Amino acid sequence: MTRTLRGFSAPQQPEPLTRTHLVQFSEDEASLIDAVSTFIGAGLAAEEVCILITTPSHLQSLEQRLQAEGFDLALARDSGIFISRDAAMTLECFLIDGEPDPIRFAEVIKPLIEEAGQRNCRVRIFGEMVALLWAQGKRTAAVRLEAVWNEFLTRSSFLLFCAYPIQAMSGSRHEAQFTQICRQHSHIVLPESYTRLSERERGQAFALLQQKAHSLEAEIAERKAAEQHLRVLASIVESSDDAILSKDLDGFITSWNNAAERIYGYSEQEMIGQHVTILFPHDRHKEYEQIMECIRRDERIEHYETRRRRKDGTELLVSITISPVKDEAGVICGVSSIARDITKQRLLADQSQQLFASNLIGIFLADRAGTLQEVNQAFLDLVGYTRAEWQAEMERASFAASHLRPLVLQTSQEHSSNAPQETVIPHKSGRAIPVLVAVTCISHGGTYIGFVLDISERKELEQRKDTFIGMASHELKTPVTCLKGCLTLLQRLLANQDNEKVLRNLTRMDAQIEKLTKLINDLLDISRMQTGKLIYREEEIEVDALVQDVVESVQETTMTHQLQIRGASRAFVLGDRDRLGQVLINLLTNAMKYSPDAHLVIVHPSTEGRQVLISVQDFGLGIAKEHHHKIFERFYQVTDQAEKTYPGLGIGLTISSEIVKRHQGRLWVESERGQGAIFYLSLPLLQRADHPTEPTETASEKG
Ligand code: ADP
């Protein structure tokens, strides 16, 4: 090459390094053209082979620029040192499934470089294919292509220059790939605006950039936090049960949440831009002006109760809080309104008020500490106070403290309603009134409502009934005892006479008199229990011997069931042998009575800790859970279809339970309907020096 390609001498550029991969992140088109034309211009001036793989528009701009700088590009092309290729078309030649294929790449690029190699001069390439891929969003492919170039550079020697518009790289989501791109290059070329600066100025520019980057990072973090905060607020607004809306100062709606749609029936679409008075009933229109006046005075309206109209024309009661909305400068620019639908609440309050005033039953309201807040007239009538007297009584806090407070406290501790309980409350006169009280919580704020029913009459009736039972059983006992005596005498007198029919009938009479005697004894026990006159003896009892005796005597009365004792307690208890025997007899006869289709009853004496435990297990009808406690109450019998056919008074377990309680023991049942039942009797163990008790098995070891 003899002619220079440029009308003036080549600028003093540092000797370009071969196998160098340069990159520039240009801020705009002009700086890109500047950088590339400088890069190519230096190559042309040094008569190196310059290859441009660019977009048509960049090629045009570059050609114009180079020509303007005096390069004779036609001559350069003819001489084979200025070669250009279309970036998109070249890319197409080696992409497979959008990814650069190294083999095809080599097939396309290698000939270009080899041709230059034959000329024995250096080669510099400006390539825009990576930037093209990046711009198309194929960023992974761009990074990959950079790697393919690098790989190629290890085998050929040339100077490669890439340029990306910096705008396309901005954003934290590109950070990782941007870093990869930087790492793929041996040099990063600064834009000319930086290269022109002195070292000191460059340092300052760098510091400024650092400062900007930090400020941006801080601002982004702040913005993210603010956005997150806004998102939280938005989701609160959207998930709120209250209608939340905003309007401008002319009353036109600017936002409308889900609850507003639910409460008023209008969708967000229907309401944005509508005037808020669409929600006002006709007779409430003047409210609008009053509200806006308050807002203009920068006043907030809180819990204002009014009526509003739904889309379907029906009205609702709302409690509204309205506040001015201000802009950054603190100037009122809108109005926010939060409305709660209180229609049901109000209705409920009215109904409660009516119930309270109905005076059908005594009602009190109390706080969670059990202090009475309010009582109705029926309550006052019950306790015999006038309202004024009651107020005075309340100030002394004497009544509630002693009588109803425990029930309220129990309800509040158990977080539930409590089952009606019998108690007594004092009448003004000092008389005790038996009442049935049920308490329940009616608000989360801790208001409790109690219903108080006077059960004096029922109690009196019960009392009369008890007296009658006591009297009747007492009166019956004498003739029955007399009958029994006569019968025994008759049996003895007729024993030697050979009249089998008479003797059989006497035996049947005896059995019936036995039953009658048991019935009368049970009724007498119940009656004595009521009056606290059930007498107990106290003696040391060998549990296993007692169990053995009772089981043997009950076994004699039955042909249908086999009573089996499993295990032994080897324990002693202190108590009344006959009474405890009575409990066991009752459990065994029940076990047989309520297991007509089974044949086995298992009695299992054992010890557990400091208790003696005797269980009686049958395989009969079983008892549903809901009856477990009630069967120990007086006269309670399970009245399911299957039980109806069994005779009884429902007092056996009541007496048993009372006897066990008097022995400081416990009687309970474990059972399910249809699965048989296990009754447990536990009594305190007697520790005797001469009979050290060794626990045998525990209840849990039982089968
Ligand atoms: P009753 O004289 O009616 O048997 P109890 O007080 O002894 O009176 O028992 C009360 C009720 O408990 C019975 O009516 C019966 O419904 C139920 N019950 C008692 N023991 C058993 C049992 N082993 N299996 C099923 N139900 C039983």
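We count ligands from 1, going down the list as the structure has it; atoms in each ligand are counted the same way. Just so you know, these numbers come straight off a predicted model, no measurement behind them.
- Residue-ligand proximity, Lys593 to ligand 1, at heavy-atom distances under 4.0 Å covers atoms 1 (P), 2 (O), 4 (O).
- Where the criterion is an N or O separation shorter than 3.5 Å, residue side chain and backbone included, Phe679 fails it with respect to ligand 1.
- Considering backbone and side-chain N/O atoms, Tyr636 never comes within less than 3.5 Å of an N/O atom of ligand 1.
- Distances from atom 8 (O) of ligand 1 to the heavy atoms of Ser657, Gly650, Ser671 put Gly650 nearest.
- Not one N or O of Thr654 is nearer than 3.5 Å to an N or O of ligand 1, by distance alone.
- Using the six-membered ring where Trp is involved, Tyr636 and His627 have ring planes that are tilted, between 30° and 60° apart.
- The Leu653 neighbourhood of ligand 1 comprises atoms 5 (P), 6 (O), 7 (O), 9 (O), 10 (C), 12 (O), 19 (C), with distances under 4.0 Å to a heavy atom of that residue.
- Neither the backbone nor the side chain of Leu587 has a heavy atom within less than 4.0 Å of ligand 1.
- Under the ring-ring contact (aromatic ring centres under 6.0 Å, His included) rule, Phe379 has a single partner from Phe356, Tyr385, Trp390, which is Trp390.
- In Phe632, neither the side chain nor the backbone holds a heavy atom less than 4.0 Å from any atom of ligand 1.
- Side-chain atoms of Thr386 and Leu380, non-hydrogen and from C-beta on, never get closer than 4.5 Å to each other.
- Residue contacts with ligand 1 include Asp618, since one or more of its heavy atoms lies under 4.0 Å from the ligand.
- With salt bridges taken as basic N to acidic carboxylate O contacts below 4.0 Å, one links Lys428 and Glu389.
- For ligand 1, the atoms closer than 4.0 angstrom to any heavy atom of Ile651 are 6 (O), 8 (O).
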### Task
Apply side-chain hydrogen bond (donor to acceptor under 3.5 Å, both in side chains) to the pair Gln377 and Asp381, showing each step before the final yes or no.
CA-CA 6 Å; Gln377 192 55 44; Asp381 293 346; 3.0 Å; yes
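- No salt bridge links Arg570 with Glu542; every basic N to acidic carboxylate O contact stays at or beyond 4.0 Å.
- Looking at every heavy atom in both residues, Thr607 comes nearest to Ser569 through CG2-O, 3.7 Å.
- Backbone and side-chain nitrogen or oxygen atoms of Gly652 are examined, and one is located within less than 3.5 angstrom of a nitrogen or oxygen of ligand 1.
- At a heavy-atom cutoff of 4.0 Å, ligand 1 is contacted by the backbone of Leu649 but not by its side chain.
- A salt bridge does not link Asp350 with Arg346: none of the charged nitrogens is closer than 4.0 Å to a carboxylate oxygen.
- Residue contacts with ligand 1, taken as heavy atom pairs separated by less than 4.0 Å, do not involve His627 at all.
- Residue-level proximity to ligand 1 for Val638 is carried by backbone and side chain together, each with a heavy atom below 4.0 angstrom.
- Electrostatic pairing of Asp525 and Arg579 counts as a salt bridge here, judged by a charged N lying under 4.0 Å from a carboxylate O.
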